[in-house]
Amino acid sequence: MAAELTSTRLNAENHLLLDQSLLRLPHELARRNFKSFQRLVERERELVLPGLKEIANASMSNSRASDQAIAALDAMISRMQGMKRKMENLHQEEKSIHEQSRKRIQHLESLQQIPSLADVKYDQWSRVRLNRLIVDHMLRSGYIESARQLAHEKGIEGLVDLNVFVQCQRIADSLRQGETKDALQWCGENKAALKKSQYNLEFELRLQQYIELIRSGDRKRYVEAMMHAKKYLAPYIETQSADIHRAAGLLAFPQDTKAEPYKSLYSLERWSRLSELFIRTHHELLSLSSRPLLHIALSAGLSALKTPSCHSAFTSSSSNSLSTTTSVCPICSTELNELARNMPYAHHTKSYVESDPIVLPNGRIYGQQRLIELSKNVGCVDSGKVKDPTTGEIFDEGEMKKVYIM
C-alpha cells in the first residue's frame with residue numbers, strides 16, 4: 001500500500017520544470033516595457049527642461065518675446081500631451097502583462113493543491129497544459145489563426161503567448177519576402193539586449209542590404225553600397241572581419257558567378273536563413289525555448305519507454321504479419337520514431353529479462369524455454385528447431401547462444 005501511495009504522489013517541482021517560460025516571458029516583457037517607459041521619460045526630459053530654461057530667460061530679458069514664449073509653451077504642452085498618450089499606452093500594456101502573470105501564477109499554484117496523480121483535478125490540470133503545448137506548437141509552426149481559435153475555445157488566452165508569436169511570425173515572413181525594414185526596427189528597439197546575444201542578427205541584416213545593392217549590377221549603386229558598408233559593416237571589423245572581407249570581394253563578381261563564397265552570398269536562400277536567425281535571436285532574447293514545448297514533453301516520455309530494440313534494423317513486431325504479438329510500441333510508430341531517434345534509452349533499475357535468455361543468429365533475444373514451447377505451439381514440428389515469433393525465421397537449437405546480463 002505504501003509503495004502504491006509513493007508511486008502516485010505528485011511531485012509539483014518536477015512538473016514545473018517544463019513550465020519555466022510560462023512566468024519568464026511575462027517578466028521579460030514587463031522589463032522591456034519598463035525600459036521603454038524609462039527611455040521615453042529621459043528623452044522628453046532632455047528636450048523639455050532646456051526648452052523651459054530658454055523660454056524663461058528670453059521672457060526675463062526681452063518683454064516683447066512674450067508671443068514667442070507663449071507659442072513655444074504651446075508646442076511644449078502639445079509635446080507633453082503626446083508623451084502622456086504614449087505613457088498611457090505603456091501603462092495599459094503593463095496592466096495586461098500583470099494580468100497575464102496573475103493567471104499563470106494561479107495555474108501553477110493550483111498544481112500545489114493536488115496531492116496525487118490519481119486525483120481528478122490533476123487530469124484537468126494536465127489537459128490545460130496539453131492544450132497550452134498544442135497552441136505553442138501551432139504558433140511556432142505558423143498556424144496563428146488556428147492557435148488563436150483553440151486558445152479561445154479552451155479559455156487559455158492568458159496562458160499562451162499569442163501576441164509575441166504573431167509579431168515574431170510577421171517579421172520572419174517579411175524576411176522570407178526579402179524585406180529587412182521590420183527586422184531592423186526590431187533590432188533598434190532591442191539594441192541593448194542584442195549586445196549580449198550570441199547571434200549577429202543586425203550585422204547579417206546590414207550585410208544582406210549591402211548584397212542587394214550590389215546585386216543590381218548598377219555601378220552607381222556600388223558607391224552607395226560602399227558608403228553603406230563604411231557606415232554599418234565597418235563597426236564590426238573586429239568580430240566579423242572575414243565576412244566583411246568576403247563582402248568587399250563581391251564588388252568584383254557578378255550575381256551569376258560560380259565562385260565560392262560569393263555564389264553563396266548572392267544566393268536567395270540567405271533570406272530563409274535570415275528568417276531562421278531572427279526567430280532564434282527573438283526566442284533567445286525573450287527566454288523562449290528553441291524547440292516546441294510539445295517536443296520537449298514528448299521527448300521526456302519517449303525516453304522513458306525507449307529500448308535498444310526500438311531502432312533496431314529488424315522489423316518491429318507491430319508491422320510484421322508473421323508476428324504472434326499485437327502490441328504497438330510508441331517509439332516504433334511512424335509518427336514518433338524519428339523524434340525518439342536521438343533520445344537516450346530508458347534507465348531501468350529492475351530487470352524484466354527472463355532467467356534463461358538466449359540470442360538467435362538474427363540478434364533477437366528470448367527466454368530459451370519459452371521460445372522452445374512457443375515454437376512447438378506455432379507448428380515447428382521439426383525436432384531441434386526453433387521459430388522466431390517475430391520474423392518467422394527458423395533456426396537450429398544449436399545456433400542459440402546464451403547471453404548474460406551485465
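Note that the coordinates shown come from a computational prediction; the quantities given were computed from them, not determined experimentally.
Taken to the nearest 0.5 Å, the CE atom of M80 stands 10.5 Å off from the CG atom of L47. Separating the CG atom in D119 from the CD1 atom in I114 is a distance of 6.0 Å, to the nearest 0.5 Å. Put simply, CD1 on I171 and NZ on K181 are 12.5 Å apart, with the number rounded to the nearest 0.5 Å. In this structure, OG on S289 lies 10.0 Å from CZ on R24, to the nearest 0.5 angstrom. With rounding to the nearest 0.5 angstrom, the CD atom of E99 is 13.0 Å from the CD atom of E94. Rounding to the nearest 0.5 Å gives a distance of 10.5 Å between CD of Q208 and CG of L213.
Listed here is the closest heavy atom pair of L233 and I244: O-CD1, 3.1 Å. Closest heavy-atom contact between M138 and A147: CE-N, 3.6 Å. Nearest heavy-atom pair, R206 versus H228, reported as atom, atom and distance to 0.1 Å: O-NE2, 2.9 Å. Scanning both residues, L285 and S197, for their nearest heavy atoms gives CD1-CB, 4.1 Å. Closest approach of S375 to V386, counting heavy atoms only: OG-CA, 3.4 Å. For the pair A151 and L162, the tightest heavy-atom approach, listed with the atom from each and the gap, is CB-CD1, 4.4 Å.
Between the side chain of Y210 and the main chain of A247, a donor-acceptor pair closer than 3.5 Å is present. Between the side chain of S96 and the backbone N or O of Q92, no donor-acceptor pair lies under 3.5 Å. Checked by atom type and distance alone, the side chain of E260 pairs as donor or acceptor with a backbone atom of S264 at under 3.5 Å. Within the 3.5 Å criterion, the main-chain N or O of H107 finds a donor-acceptor partner in the side chain of S110. Of the possible polar contacts, one joining the T257 side chain to the A259 backbone as a donor-acceptor pair under 3.5 Å is found. In this structure, the side chain of D396 does not engage the main chain of G398 through any donor-acceptor pair within 3.5 Å. The backbone N or O of L90 lies less than 3.5 Å from a partner atom in the side chain of N33, making a donor-acceptor pair.
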- Intermediate values then yes/no, side chain to side chain contact (heavy atoms under 4.5 Å, CB included), L286 and R32: CA-CA 10 Å; L286 294 182; R32 291 175 58 189; 3.1 Å; yes
- Task: Start with the C-alpha gap between R215 and E212, add the side-chain angles, then the distance that decides, and say whether salt bridge (Lys or Arg N to Asp or Glu O under 4.0 Å) holds.
- Result: CA-CA 5 Å; R215 189 191 302 276; E212 296 307 313; 2.9 Å; yes
- Kindly indicate, with the supporting measurements, whether the criterion side chain to side chain contact (heavy atoms under 4.5 Å, CB included) is fulfilled by E202 and Y236. CA-CA 10 Å; E202 186 172 1; Y236 294 92; 3.9 Å; yes
- K103/E157 under salt bridge (Lys or Arg N to Asp or Glu O under 4.0 Å): CA gap, chis, key distance, verdict: CA-CA 10 Å; K103 291 180 179 179; E157 292 97 329; over 6 Å; no
- Message: Set out, in order, the CA-CA distance, both residues' side-chain angles and the distance that settles side chain to side chain contact (heavy atoms under 4.5 Å, CB included) for H283 and R140, then state yes or no.
- Response: CA-CA 11 Å; H283 290 1; R140 291 170 184 265; 3.6 Å; yes
- Between E204 and R270, is a side chain to side chain contact (heavy atoms under 4.5 Å, CB included) present by the stated rule, with each step listed? CA-CA 10 Å; E204 292 294 339; R270 271 185 57 86; 3.3 Å; yes
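A salt bridge does not link D173 with R170: every distance from a Lys NZ or Arg NE/NH1/NH2 to an Asp or Glu carboxylate oxygen is 4.0 Å or more. Between R148 and E145, at least one side-chain N (NZ, or NE/NH1/NH2) sits under 4.0 Å from a carboxylate O, which counts as a salt bridge. Using a 4.0 Å cut-off between a side-chain N of Lys or Arg and a carboxylate O of Asp or Glu, R45 and E42 do not qualify as a salt bridge.
No donor-acceptor contact under 3.5 angstrom links the side chains of E28 and S287, judged on distance only. Between the side chains of D388 and Y366, at least one donor N or O sits under 3.5 Å from an acceptor N or O. Remark: the R127 side chain and the Q124 side chain contain no N/O donor-acceptor pair separated by less than 3.5 Å.
Within the 4.5 Å cutoff, the side chain of I365 has no heavy atoms near those of the I358 side chain. Taking 4.5 Å as the limit, every side-chain heavy atom of V359 sits out of range of all side-chain heavy atoms of M400. Using a 4.5 Å heavy-atom cutoff, the side chains of T239 and F203 are not in contact. Two residues are said to be in side-chain contact when any heavy atoms from C-beta on lie closer than 4.5 Å; W186 and T281 meet this criterion. Between E393 and L360 there is no side-chain heavy-atom pair separated by less than 4.5 Å. Between F278 and C168 there is a side-chain heavy-atom pair separated by less than 4.5 Å. The shortest side-chain heavy-atom distance between R85 and Q81 falls under the 4.5 Å cut-off. With contacts defined as side-chain heavy-atom distances shorter than 4.5 Å, the pair L251/M226 qualifies.
For N89, the CG atom is densely surrounded, since the number of other residues' heavy atoms within 6.0 Å is greater than 12. No more than 12 heavy atoms of other residues, nucleotides or ligands lie within 6.0 Å of CD in E269, so this atom counts as exposed by the packing criterion. In R370, the CZ atom is not crowded: 12 or fewer heavy atoms of neighbouring residues, nucleotides or ligands sit closer than 6.0 Å. Other residues, nucleotides and ligands contribute more than 12 heavy atoms inside 6.0 Å of the OH atom of Y266.
The aromatic rings of F253 and Y262 lie parallel to each other, their planes meeting at an angle below 30°, with 60° marking the opposite boundary. Below 30°, between 30° and 60°, or above 60°: for H295 and H137 the angle between ring planes is between 30° and 60°, a tilted geometry. The aromatic rings of W125 and Y122 lie parallel to each other, with less than 30° between the two planes, well short of the 60° mark.
Just one residue in the list L159, L130, V160, D161 forms a side chain to side chain contact (heavy atoms under 4.5 Å, CB included) with V135, and that residue is V160. Considering D19, D123, D136 as possible partners of R129, the one that fulfils the salt bridge (charged side-chain N to carboxylate O under 4.0 Å, His left out) test is D19.
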